[in-house]
There are 2 protein chains.
Amino acid sequence: MEQPPPDAGSGARVLVVDDDPTVAEIVTGYLDRAGYVVDRAGDGPDALARAAAHRPDLVVLDLMLPGMDGLEVCRRMRGHGPVPVIMLTARGDEDDRILGLEVGADDYVTKPFSPRELVLRVESVLRRSRPAPAASALLRAAGLAVDPAARRATKHGGELSLTMREFDLLAFFMRNPGRAYAREELMREVWGWDFGDLSTVTVHVRRLRGKVEDDPARPRLIQTVWGVGYRFDPAFGEG
Amino acid sequence: MEQPPPDAGSGARVLVVDDDPTVAEIVTGYLDRAGYVVDRAGDGPDALARAAAHRPDLVVLDLMLPGMDGLEVCRRMRGHGPVPVIMLTARGDEDDRILGLEVGADDYVTKPFSPRELVLRVESVLRRSRPAPAASALLRAAGLAVDPAARRATKHGGELSLTMREFDLLAFFMRNPGRAYAREELMREVWGWDFGDLSTVTVHVRRLRGKVEDDPARPRLIQTVWGVGYRFDPAFGEG
DNA sequence: CGGCTCCTTACGAAACACGGACGTCGGCGA
DNA sequence: TCGCCGACGTCCGTGTTTCGTAAGGAGCCG
């Protein structure tokens, strides 16, 4: 039958604000078919009331509204919470775009627009406005969090300032916990060298311990394996 | 990098779907003279096959087709990708217009129509659908707003005057916040070069900081990741 | 206790980022 | 046409950060 993109709306709430019933009707129809839950408002005060009541995930807002200006509506909505807004502006009205930009619209569509384009924009803005969770590439263990992409590490939520080598070393340990590594292996894996003074590894392990361990004098996370090397042991870190 | 000349047809591919050879012939002729590369199909299945094979930039679709309905054709085409569609409908058949728009047509032309009008519609729809995939929406973070389409940026509502490189750099950062990028990556992503003096990146980051940071001497938004590169960090911009 | 291993500290060298300045190129107005 | 100006890429001097190594002391094991 009629099959909108399966991943599309997924029930996100959209508030359409336009005083022209025809436009509102068509836009609403499109968004509805795309899988969104659509609410409608015909003027500014109505829009604010519905926004407050329904907490939409996104607002499609006509710039030209009777009574209260679209910009004002946008501003007030933003005052209540960070809801994404797509502005509908007259074609080529450069000033309006800039105003929308400054007031806090997340996108604008110039009239006349194709409803399809509007749906694409809605999807795009929604997709962009919720990248909050994600972070699957995060390495977590023992109160530590390491984000290789951002090259950032935290300990109990507090930012750790690690040097490049320290970061690489910690990241390697957290990717391979519980196993003992000889200094030579660490030198190969972290430094990328096949030879070199192994005390280099020792020193860096010590520096890393100083920043990561609760009590660097009695290391728990990075344990010394006598005669072998080191082992990252997150089990004893929680404390 | 820049768009091709706004010259009319400029080789865009258009698929004309009509079972009436006379209509198809005239339309094809006009579009051909307007500079488009035109393909023709006489029925639904033929249209779908050619659309799949030739990937047209736009489809002119007769609503009334033998065998498969034009609406159905439109739906199926949409299932394969976001191709713009102009519907040909009988005059005054209001229901058809609505149906066409709901199914995803970007415009419609009522029969009888002048071929010249159709060409104008084609141009219009192509012009409208072009920025949709290419240009992206507004980027905002940390009191900054960047409009890639208008090539404008503001900071706390105030206009920023950025050079081309500065703008591209900032836009890239705002599209990819929180991740650390090596100078090589920035050079590749922003400059589009795979070589070149990396200090160029350093210098432009400094210039951008001078315009974007509250205290350029102690950057918060664009942070230096020592030994690696830079990271755009909107989290610290608001406070 | 002896030998080996690991820890700790210190230091010089190298790598790195930064700011300032310069030369070139192209656009624009006089 | 000439001259000015902005954008851009490059280069250099400087201050800072990081790194690798050396050396002495402490710890572990038999």
Side-chain angles (χ1 to χ4, degrees), chain A residues 151 153 159-172 180-213 215-233, chain B residues 1-2 151 153 159-172 180-213 215-233:
Chain A
R151 285 199 82 80
E159 180 98 23
L160 285 176
S161 94
L162 303 178
T163 71
M164 187 173 51
R165 286 271 133 86
E166 288 160 5
F167 186 93
D168 290 340
L169 189 55
L170 177 60
F172 176 80
Y181 287 93
R183 288 181 177 70
E184 299 198 341
E185 293 180 278
L186 293 173
M187 183 126 258
R188 185 157 2 95
E189 297 289 340
V190 178
W191 274 256
W193 302 346
D194 269 347
F195 56 94
D197 190 341
L198 295 181
S199 66
T200 293
V201 177
T202 308
V203 171
H204 275 89
V205 165
R206 164 180 150 55
R207 287 172 180 158
L208 181 57
R209 277 172 169 168
K211 296 181 179 179
V212 160
E213 299 279 358
D215 180 5
R218 235 164 289 98
R220 292 169 166 278
L221 271 61
I222 305 176
Q223 294 200 324
T224 301
V225 184
W226 229 86
V228 179
Y230 299 97
R231 177 184 57 221
F232 183 70
D233 220 326
Chain B
M1 222 64 60
E2 290 304 313
R151 286 197 80 81
E159 180 98 20
L160 283 177
S161 88
L162 301 178
T163 71
M164 182 177 54
R165 286 270 132 88
E166 288 160 4
F167 186 93
D168 290 341
L169 189 55
L170 178 60
F172 176 79
Y181 287 94
R183 289 180 175 72
E184 278 111 345
E185 294 180 277
L186 293 173
M187 184 124 255
R188 187 158 2 93
E189 297 290 340
V190 178
W191 274 256
W193 301 347
D194 270 346
F195 54 92
D197 190 344
L198 295 180
S199 66
T200 293
V201 177
T202 309
V203 171
H204 279 272
V205 165
R206 169 157 43 96
R207 288 170 181 160
L208 180 57
R209 275 172 171 168
K211 298 182 179 179
V212 160
E213 298 279 356
D215 180 5
R218 233 164 287 96
R220 292 168 160 278
L221 270 59
I222 305 176
Q223 294 199 323
T224 301
V225 184
W226 232 87
V228 177
Y230 299 96
R231 178 183 54 219
F232 182 72
D233 221 325

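Within every chain, numbering begins at 1; the chains are lettered A, B, ... in the order of the sequence lines, protein sequences first and strands thereafter.
For A/Asp197 and C/dA14, the CG to P distance is 17 Å, given to the nearest whole Å. Atoms CG (A/Leu162) and C1' (D/dC19) sit 15 Å apart, rounded to a whole Å. Atom OH of A/Tyr230 and atom P of C/dT5 are 13 Å apart (whole Å). When rounded to the nearest whole Å, the span between CG of A/Leu208 and P of C/dT8 equals 13 Å. One can place CD of A/Glu166 at 14 Å from P of D/dT17, the figure rounded to the nearest angstrom. If you measure from atom NE2 of B/His204 to atom P of C/dA17, you get 17 Å, rounded to the nearest angstrom. Protein atom CG of B/Leu169 is 15 Å distant from nucleotide atom P of D/dA7, rounded to whole Å. Rounded to an integer number of Å, the gap from B/Glu213 CD to C/dA17 C1' is 15 Å.
Toward the 5′ end of DNA chain D lies the nearest nucleotide of A/Gly196, the other residue of the pair A/Gly196 and A/Trp226 mapping further downstream. In terms of position on DNA chain C, the residue among A/Met164 and A/Val205 whose nearest nucleotide sits closer to the 5' end is A/Val205.
A/Glu213 contributes a side-chain N or O that, together with a main-chain N or O of A/Leu221, makes up a donor-acceptor pair within less than 3.5 Å. Counting only distance, with no hydrogens or angles, the side chain of B/Lys211 and the backbone of B/Ser161 share a donor-acceptor pair below 3.5 Å. Under a 3.5 Å cut-off, the side chain of A/Arg231 and the backbone N or O of A/Tyr181 do not form any donor-acceptor pair.
Outside the 6.0 Å centre-distance limit, the rings of A/Phe172 and A/Phe232 are not counted as a close aromatic pair.
You'll find a donor-acceptor pair under 3.5 Å spanning the side chain of B/Arg206 and the base of C/dG20, going by distance alone. For C/dG20, the base has no donor-acceptor partner in the side chain of B/Arg207 [N/O atoms by modelled type, under 3.5 angstrom].
For the OP1/OP2 pair of C/dC18 and a distance below 4.0 Å, the side-chain nitrogens and oxygens of B/Thr202 include no atom meeting the criterion. In this structure, B/Thr163 does not reach the D/dG6 phosphate: none of its side-chain N or O atoms is under 4.0 Å from OP1 or OP2. When the side-chain nitrogen and oxygen atoms of B/Ser199 are compared with OP1 and OP2 of D/dG9, none of them lie within a distance under 4.0 Å. Residue B/Arg209 places none of its side-chain N or O atoms closer than 4.0 Å to OP1 or OP2 of C/dG19. A sub-4.0 Å separation between OP1 or OP2 of C/dT5 and a side-chain N or O of A/Arg183 is absent. Look at A/Trp191 and you'll find a side-chain N or O under 4.0 angstrom from OP1 or OP2 of D/dG20.
Heavy atoms of A/Val228 sit under 4.0 angstrom from primed sugar atoms or phosphate atoms, though from no base atom. Residue contacts for A/Thr200: at a heavy-atom cut-off of 4.0 Å it reaches a base atom on one of the strands shown.
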Notebook entry, point to check: Please walk me through it: do A/Arg207 and A/Thr202 pass side chain to side chain contact (heavy atoms under 4.5 Å, CB included)?
Noted result: CA-CA 9 Å; A/Arg207 287 172 180 158; A/Thr202 308; over 6 Å; no

